[in-house]
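Bear in mind that the values here come from a model prediction, so they are computed numbers and not experimental data. Just so you know, ligand 1 is whichever comes first in the structure, and atom 1 is the first atom listed for that ligand.
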Amino acid sequence: MRVGIGYDSHPFAKGRKLILGGVDIPHPKGLAGHSDADAIAHALTDAILGAAALGDIGRMFPNDDPQWKDARSIDLLNKAFLKVVEAGFQFVNADVTVILEQPKLAPYIDAMEEKLAAALLAGSTHVSVKAKTNEGMGWIGRGEGIAVIAVATLAEPRGPRLSGGLSIS
Ligand SMILES: [Zn+2]
(Lines give C-alpha, C1' and ligand atoms only; values in the text may rest on other atoms or scores of the structure.)
Protein backbone atom coordinates (compact mmCIF):
# COMPACT_ATOMS: atom_id res chain seq x y z
CA MET A 1 0.00 0.00 0.00
CA ARG A 2 1.24 3.48 -0.85
CA VAL A 3 0.09 6.76 0.67
CA GLY A 4 0.40 10.23 -0.85
CA ILE A 5 -0.48 13.69 0.39
CA GLY A 6 -1.37 16.79 -1.59
CA TYR A 7 -1.90 20.42 -0.62
CA ASP A 8 -3.14 23.36 -2.65
CA SER A 9 -4.35 26.90 -2.14
CA HIS A 10 -5.74 29.58 -4.44
CA PRO A 11 -6.89 33.18 -3.87
CA PHE A 12 -10.43 34.25 -4.71
CA ALA A 13 -10.75 36.65 -7.65
CA LYS A 14 -13.67 38.49 -9.21
CA GLY A 15 -14.69 37.54 -12.73
CA ARG A 16 -13.70 33.89 -12.31
CA LYS A 17 -15.91 30.81 -12.19
CA LEU A 18 -15.74 28.78 -8.98
CA ILE A 19 -14.95 25.19 -9.93
CA LEU A 20 -14.19 22.70 -7.16
CA GLY A 21 -13.92 18.96 -7.52
CA GLY A 22 -14.95 19.35 -11.16
CA VAL A 23 -18.27 20.98 -10.15
CA ASP A 24 -19.32 24.50 -11.14
CA ILE A 25 -20.47 26.25 -7.97
CA PRO A 26 -22.54 29.45 -8.18
CA HIS A 27 -20.65 32.17 -6.27
CA PRO A 28 -19.82 35.85 -6.92
CA LYS A 29 -16.09 35.03 -6.97
CA GLY A 30 -14.00 32.20 -8.35
CA LEU A 31 -10.39 31.16 -7.78
CA ALA A 32 -7.46 32.75 -9.58
CA GLY A 33 -5.04 30.46 -11.41
CA HIS A 34 -3.53 29.44 -14.73
CA SER A 35 -5.96 26.54 -15.19
CA ASP A 36 -9.52 26.56 -13.86
CA ALA A 37 -7.89 26.78 -10.38
CA ASP A 38 -9.78 23.72 -9.10
CA ALA A 39 -7.84 23.41 -5.85
CA ILE A 40 -9.51 20.11 -4.92
CA ALA A 41 -8.51 18.47 -8.21
CA HIS A 42 -4.98 19.91 -7.83
CA ALA A 43 -4.47 18.64 -4.27
CA LEU A 44 -5.85 15.22 -5.17
CA THR A 45 -3.61 15.05 -8.26
CA ASP A 46 -0.58 15.72 -6.06
CA ALA A 47 -1.75 13.06 -3.60
CA ILE A 48 -1.97 10.30 -6.23
CA LEU A 49 1.29 11.39 -7.87
CA GLY A 50 2.95 11.49 -4.45
CA ALA A 51 1.72 7.99 -3.58
CA ALA A 52 3.20 6.73 -6.87
CA ALA A 53 6.41 8.81 -6.44
CA LEU A 54 5.76 10.37 -9.86
CA GLY A 55 6.58 13.96 -8.98
CA ASP A 56 3.87 16.60 -8.78
CA ILE A 57 1.23 18.40 -10.80
CA GLY A 58 3.53 21.34 -11.59
CA ARG A 59 6.10 19.03 -13.14
CA MET A 60 3.52 17.08 -15.15
CA PHE A 61 1.50 20.13 -16.30
CA PRO A 62 3.84 23.20 -16.17
CA ASN A 63 1.84 26.40 -15.60
CA ASP A 64 3.87 28.27 -18.23
CA ASP A 65 2.73 25.76 -20.86
CA PRO A 66 -0.08 27.34 -22.94
CA GLN A 67 -1.44 23.81 -23.49
CA TRP A 68 -2.80 23.83 -19.91
CA LYS A 69 -4.16 27.40 -19.81
CA ASP A 70 -7.80 27.26 -18.63
CA ALA A 71 -7.59 23.46 -18.63
CA ARG A 72 -10.31 21.59 -16.74
CA SER A 73 -8.31 20.33 -13.79
CA ILE A 74 -10.59 17.32 -13.38
CA ASP A 75 -9.22 16.24 -16.80
CA LEU A 76 -5.65 16.80 -15.59
CA LEU A 77 -6.45 14.59 -12.58
CA ASN A 78 -7.57 11.87 -15.00
CA LYS A 79 -4.43 12.30 -17.15
CA ALA A 80 -2.21 12.08 -14.05
CA PHE A 81 -4.13 9.01 -12.89
CA LEU A 82 -3.49 7.25 -16.21
CA LYS A 83 0.27 7.78 -15.59
CA VAL A 84 -0.19 6.27 -12.15
CA VAL A 85 -1.92 3.24 -13.70
CA GLU A 86 0.85 2.96 -16.32
CA ALA A 87 3.36 2.83 -13.47
CA GLY A 88 1.54 -0.25 -12.13
CA PHE A 89 -0.61 1.18 -9.36
CA GLN A 90 -4.29 0.76 -8.54
CA PHE A 91 -6.36 3.48 -6.86
CA VAL A 92 -7.73 2.49 -3.46
CA ASN A 93 -9.24 5.59 -1.85
CA ALA A 94 -8.84 9.32 -1.30
CA ASP A 95 -9.87 11.67 1.47
CA VAL A 96 -10.02 15.43 0.93
CA THR A 97 -10.49 18.31 3.37
CA VAL A 98 -11.38 21.73 1.94
CA ILE A 99 -10.94 24.75 4.20
CA LEU A 100 -12.94 27.85 3.25
CA GLU A 101 -15.44 30.25 4.80
CA GLN A 102 -17.78 30.73 1.81
CA PRO A 103 -19.64 29.36 0.00
CA LYS A 104 -21.07 26.40 1.90
CA LEU A 105 -20.10 23.27 -0.05
CA ALA A 106 -22.55 20.79 1.53
CA PRO A 107 -24.97 20.84 -1.44
CA TYR A 108 -22.12 19.98 -3.85
CA ILE A 109 -20.21 17.31 -1.91
CA ASP A 110 -21.92 14.31 -3.53
CA ALA A 111 -21.42 15.71 -7.04
CA MET A 112 -17.74 16.44 -6.32
CA GLU A 113 -17.14 12.93 -4.99
CA GLU A 114 -18.74 11.48 -8.12
CA LYS A 115 -16.69 13.65 -10.51
CA LEU A 116 -13.41 13.00 -8.69
CA ALA A 117 -14.07 9.26 -8.48
CA ALA A 118 -14.97 9.15 -12.19
CA ALA A 119 -11.62 10.80 -13.02
CA LEU A 120 -9.97 8.02 -11.00
CA LEU A 121 -12.10 5.32 -12.69
CA ALA A 122 -13.50 4.41 -9.27
CA GLY A 123 -16.84 4.32 -7.52
CA SER A 124 -17.80 7.39 -5.52
CA THR A 125 -17.62 5.46 -2.23
CA HIS A 126 -13.83 5.48 -2.70
CA VAL A 127 -13.56 9.28 -2.58
CA SER A 128 -14.46 11.41 0.43
CA VAL A 129 -14.71 15.22 0.38
CA LYS A 130 -15.16 17.18 3.60
CA ALA A 131 -15.49 20.94 3.95
CA LYS A 132 -14.84 23.09 6.99
CA THR A 133 -14.31 26.74 7.83
CA ASN A 134 -11.20 28.19 9.44
CA GLU A 135 -13.39 29.66 12.23
CA GLY A 136 -12.80 33.15 10.84
CA MET A 137 -9.05 33.05 11.44
CA GLY A 138 -6.33 34.33 9.12
CA TRP A 139 -6.46 34.68 5.32
CA ILE A 140 -8.93 31.84 4.93
CA GLY A 141 -11.12 33.34 7.65
CA ARG A 142 -11.10 36.69 5.84
CA GLY A 143 -12.30 34.92 2.69
CA GLU A 144 -9.15 35.69 0.71
CA GLY A 145 -8.80 32.15 -0.58
CA ILE A 146 -9.15 28.46 0.11
CA ALA A 147 -6.84 25.61 1.07
CA VAL A 148 -7.20 21.90 0.37
CA ILE A 149 -5.46 18.87 1.86
CA ALA A 150 -5.81 15.49 0.15
CA VAL A 151 -4.60 12.00 1.01
CA ALA A 152 -4.71 9.10 -1.44
CA THR A 153 -3.79 5.45 -1.16
CA LEU A 154 -2.72 3.20 -4.00
CA ALA A 155 -2.17 -0.54 -4.19
CA GLU A 156 0.68 -2.20 -6.06
CA PRO A 157 -0.98 -5.26 -7.63
CA ARG A 158 2.09 -5.97 -9.73
CA GLY A 159 4.52 -5.44 -6.89
CA PRO A 160 7.05 -2.65 -6.47
CA ARG A 161 8.16 -1.35 -9.88
CA LEU A 162 11.62 -0.37 -8.63
CA SER A 163 14.11 -2.83 -7.25
CA GLY A 164 16.75 -2.01 -4.71
CA GLY A 165 14.54 -1.52 -1.67
CA LEU A 166 14.09 -3.96 1.15
CA SER A 167 11.42 -6.54 0.53
CA ILE A 168 9.31 -7.17 3.59
CA SER A 169 6.55 -9.27 2.05
ZN1 LIG B 1 -3.83 24.72 -7.75
Item to complete: Please step through side chain to side chain contact (heavy atoms under 4.5 Å, CB included) for the pair Asn134 and Glu101, ending with a clear verdict.
Response: CA-CA 7 Å; Asn134 210 38; Glu101 297 296 318; 3.5 Å; yes

Worksheet item: Would you call Lys17-Asp36 a salt bridge at under 4.0 Å N-O?
Response: no

Practice prompt. May I ask you to determine how many protein N/O/S atoms are under 2.8 Å from the Zn ion (ligand 1)?
Written response: 3

Worksheet item: Is Asp95 salt-bridged to Lys130, cutoff N-O under 4.0 Å?
Response: yes

Fill in: Hydrophobic cluster membership, Leu54 vs Leu44, 4.5 Å side-chain cutoff
yes

Worksheet item: Of the non-hydrogen atoms in Leu31 and His10, which two are nearest, and what is the gap between them?
Response: CD2-O, 3.7 Å

Fill in: Heavy-atom closest contact (Met112 atom, Val129 atom, distance)
CE-CG1, 4.2 Å

